[in-house]
Amino acid sequence: MHRVVPPAPHVELRGISKQFGGVRALRSVSLQIRAGTVHALVGENGAGKSTLGKVISGVLAPDSGEMQLSGTPVAFRSPRHALEHGVATIAQELAIVPELTAAENVFLGAEPRRAGYVRRRDLSERYHALCEHVGFAVPAHQLAGRLRTADQQKLEILRAVARDAALIIMDEPSAALTREETLHLHEAICSLRARGCTVVLVSHFLREVLELADAITVLRDGAVVRTSLASEESESTLIEAMLGRSLDGTFPPKSPPGADAPVRLAVEWLSAPGVRDATFAVRAGEIVGLAGLVGAGRSELVHAIVGARRAHAGSVAIDGRRATRRSPRRMLREGVVMIPESRKEQGLLLERSVAENTALSTLASLSRLGLVRAGRERKVVTEVLAKVAVRPARPEAPAGALSGGNQQKLLFARALLCQPAVLIADEPTRGVDVGARRSIYDLVVELAGQGLGVLLVSSDVEEVLGLSHRVLVMRGGEIVRELDGMVATEHEVLEAAFTARGVS
Ligand SMILES: Nc1ncnc2c1ncn2[C@@H]1O[C@H](COP(=O)(O)OP(=O)(O)OP(=O)(O)O)[C@@H](O)[C@H]1O
Ligand SMILES: [Mg+2]
């Protein structure tokens with residue numbers, strides 16, 4: 001009798017477990033990843049997706065279990081060892097060398113050399129060919145540290161493609177990308193698959209997963225819930241599998257402030273590098289969304305407001321008090337809290353504890369009020385951490401041990417603790433799972449309800465529209481349109497972002 005033996009899967013995991021201290025990050029995970037497919041991993045923050053990716057790519061050794069690559073047992077000792085077997089990874093937290101150029105970063109450790117030194121011309125030729133192939137355009141000679149997050153992320157993708165990897169693990173590759181850039185990424189992933197490459201895709205964007213993936217594995221609390229064909233899943237079946245419950249409605253209901261609500265943040269004719277003549281106000285109880293494409297000047301504007309970027313004209317006032325000589329520190333004292341876009345570079349001290357990180361920006365104000373007593377601080381911190389549901393709820397653990405989404409929640413906890421007048425959130429739900437995303441939305445709405453003014457920057461148009469009472473669209477450094485958040489459509493926002501012209 002003849003039997004057709006199917007080819008061995010590209011990756012087969014059998015009973016993989018991994019524990020960090022008391023946390024069981026992976027519990028006897030078994031799964032098969034077919035060659036030449038896009039295989040998605042989904043699950044809540046902390047479900048074990050990144051840990052699984054790290055085991056496959058040799059960053060972490062599992063405590064137990066077995067892994068086979070195309071039918072052969074392997075035990076990677078390091079990412080380099082994995083790379084020798086054609087396994088590359090794009091980490092969730094980017095690993096760019098800021099003082100090297102874009103091209104140097106991409107070919108780091110694999111530069112075309114002749115007689116020991118790097119041939120610059122070869123390098124930039126290869127770089128351009130690669131960019132063209134993948135459909136990205138990042139200037140070759142720009143220092144990587146000067147690039148925005150989205151472009152740094154592209155370098156990581158280029159780097160893996162340049163290594164000719166047969167299996168690429170992408171941990172939330174589109175988290176920092178705009179819609180347009182995401183489409184490029186999707187094309188790149190499809191072309192990788194068409195060339196026979198296997199892609200393991202970790203993403204919180206379920207629509208993206210459903211669109212791109214051939215197979216989907218759902219993880220919950222470190223264990224596999226199921227692996228199925230993408231065609232057999234929908235957003236709601238995935239959410240239910242991830243959370244163990246269904247979610248009703250993505251956004252909380254909106255309640256705009258009354259007409260007599262006082263202005264909390266007033267920005268007038270503010271100009272700074274990348275920003276021109278920004279004028280707007282945020283009232284108590286109001287959520288104002290700042291939309292626009294990457295590079296439109298949204299981050300530049302909020303940086304100018306808090307003084308992280310020097311403004312050369314215009315004014316900012318908090319509760320009617322004009323804030324001159326602004327710096328993030330001073331603005332914090334004035335009651336302006338900012339949740340930064342990049343938690344790694346601007347937000348957290350990863351080796352310090354969760355509690356310390358939460359209290360970081362408030363210590364000064366607490367002590368000014370004479371409130372810093374260890375017990376009191378601990379109680380307040382614990383309360384606020386519980387409120388944002390940081391998991392695991394261990395205030396003494398280092399912040400670096402939290403999963404990406406939980407680090408983001410930590411930043412929110414810190415902001416809450418400050419009891420600010422104005423909250424500026426720059427991409428607050430980047431890398432946050434659907435359940436936690438909803439709790440962050442609830443928090444934003446609750447804060448506004450308490451009388452804060454909220455300025456929300458997000459590349460996710462649906463998110464801006466779902467939360468904001470008013471939407472300001474930026475383009476080319478200027479606010480080019482103001483839309484009523486209660487009635488505006490996605491189409492209107494995008495149209496303004498792409499085509500509306502400012503005064504220029
Ligand atoms: N280096 C570490 N030390 C201690 N605990 C860790 C470490 N890395 C991960 N963990 C824990 O292991 C669990 C799984 O984390 P992991 O990063 O794999 O989650 P994830 O699914 O990628 O989440 P996210 O969607 O937030 O990125 C979490 O509880 C996390 O806190
Ligand atoms: Mg992760």
Side-chain angles (χ1 to χ4, degrees), residues 13 16-29 31 39-63 65 79 89-95 153 156 169-176 200-206 208-209 216-225 238-239 241-244 342-344 347-355 357-358 385 388-413 427-440:
L13 302 176
I16 296 280
S17 293
K18 179 74 191 176
Q19 198 155 333
F20 296 105
V23 180
R24 295 178 66 190
L26 295 176
R27 302 166 192 246
S28 189
V29 167
L31 70 98
H39 193 115
L41 299 178
V42 301
E44 280 188 283
N45 293 133
K49 305 178 295 295
S50 295
T51 305
L52 190 58
K54 286 175 186 167
V55 165
I56 299 174
S57 58
V59 178
L60 290 172
D63 299 334
T89 180
I90 297 166
Q92 186 171 11
E93 302 298 340
L94 303 177
Q153 194 135 25
E156 296 252 5
I169 298 161
M170 300 189 183
D171 200 344
E172 300 192 32
S174 61
V200 174
L201 176 69
V202 178
S203 173
H204 286 296
F205 296 114
L206 299 180
E208 167 175 274
V209 161
I216 304 175
T217 295
V218 182
L219 290 172
R220 186 161 83 223
D221 290 334
V224 173
V225 176
L238 289 176
I239 289 174
M242 286 165 57
L243 309 186
S342 163
R343 48 182 179 255
K344 192 179 182 190
L348 296 174
L349 301 174
L350 296 178
E351 63 293 344
R352 304 279 285 273
S353 76
V354 168
N357 271 285
T358 311
L385 285 172
V388 297
V390 168
R391 266 176 288 163
R394 288 182 27 236
E396 70 286 353
L402 292 180
S403 72
N406 278 295
Q407 290 181 8
Q408 187 72 356
K409 291 198 237 168
L410 178 52
L411 287 174
F412 248 87
E427 307 284 0
T429 58
R430 173 174 297 167
V432 170
D433 73 56
V434 275
R437 185 176 295 222
R438 177 59 201 258
S439 40
I440 285 180

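Each ligand, and each atom within it, is numbered from 1 in the order the structure gives.
Residue-ligand proximity: Lys18 is placed with every non-hydrogen atom at 4.0 Å or more from ligand 1. In this structure, Lys54 falls outside the shell of residues with a heavy atom less than 4.0 angstrom from ligand 1. Under a 4.0 angstrom heavy-atom cut-off, Gly48 registers as being in contact with ligand 1. Between His204 and ligand 1 there is a heavy-atom distance shorter than 4.0 Å.
Scanning both residues, Ala399 and Gln407, for their nearest heavy atoms gives O-NE2, 3.5 Å. Heavy atoms only, all atoms of each residue included: Ile216 and His39 are closest at C-NE2, 4.4 Å. The heavy-atom pair separating Gly46 from Asn406 by the smallest distance is N-ND2, 4.2 Å.
At a threshold of 2.8 Å, the Mg ion (ligand 2) has no backbone or side-chain N, O or S atom of Thr51 nearer than that distance.
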- Item | Trace of the side chain to side chain donor-acceptor pair (under 3.5 Å) decision for Ser203 with Glu172 | CA-CA 5 Å; Ser203 173; Glu172 300 192 32; over 6 Å; no
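You'll find the side chain of Met242 reaches within 4.5 Å of the side chain of Val42, heavy atoms only. At least one side-chain heavy atom of Ser17 sits under 4.5 Å from a side-chain heavy atom of Ser28.
Among Ala401, Gly46, Gly43, the residue whose heavy atom lies nearest to atom 19 (O) of ligand 1 is Gly46.
Checking only distances, Lys49 does come within under 3.5 Å of ligand 1, N or O to N or O.
Only the side chain of Val23 comes within contact range of ligand 1, with a heavy atom under 4.0 Å; no backbone atom does.
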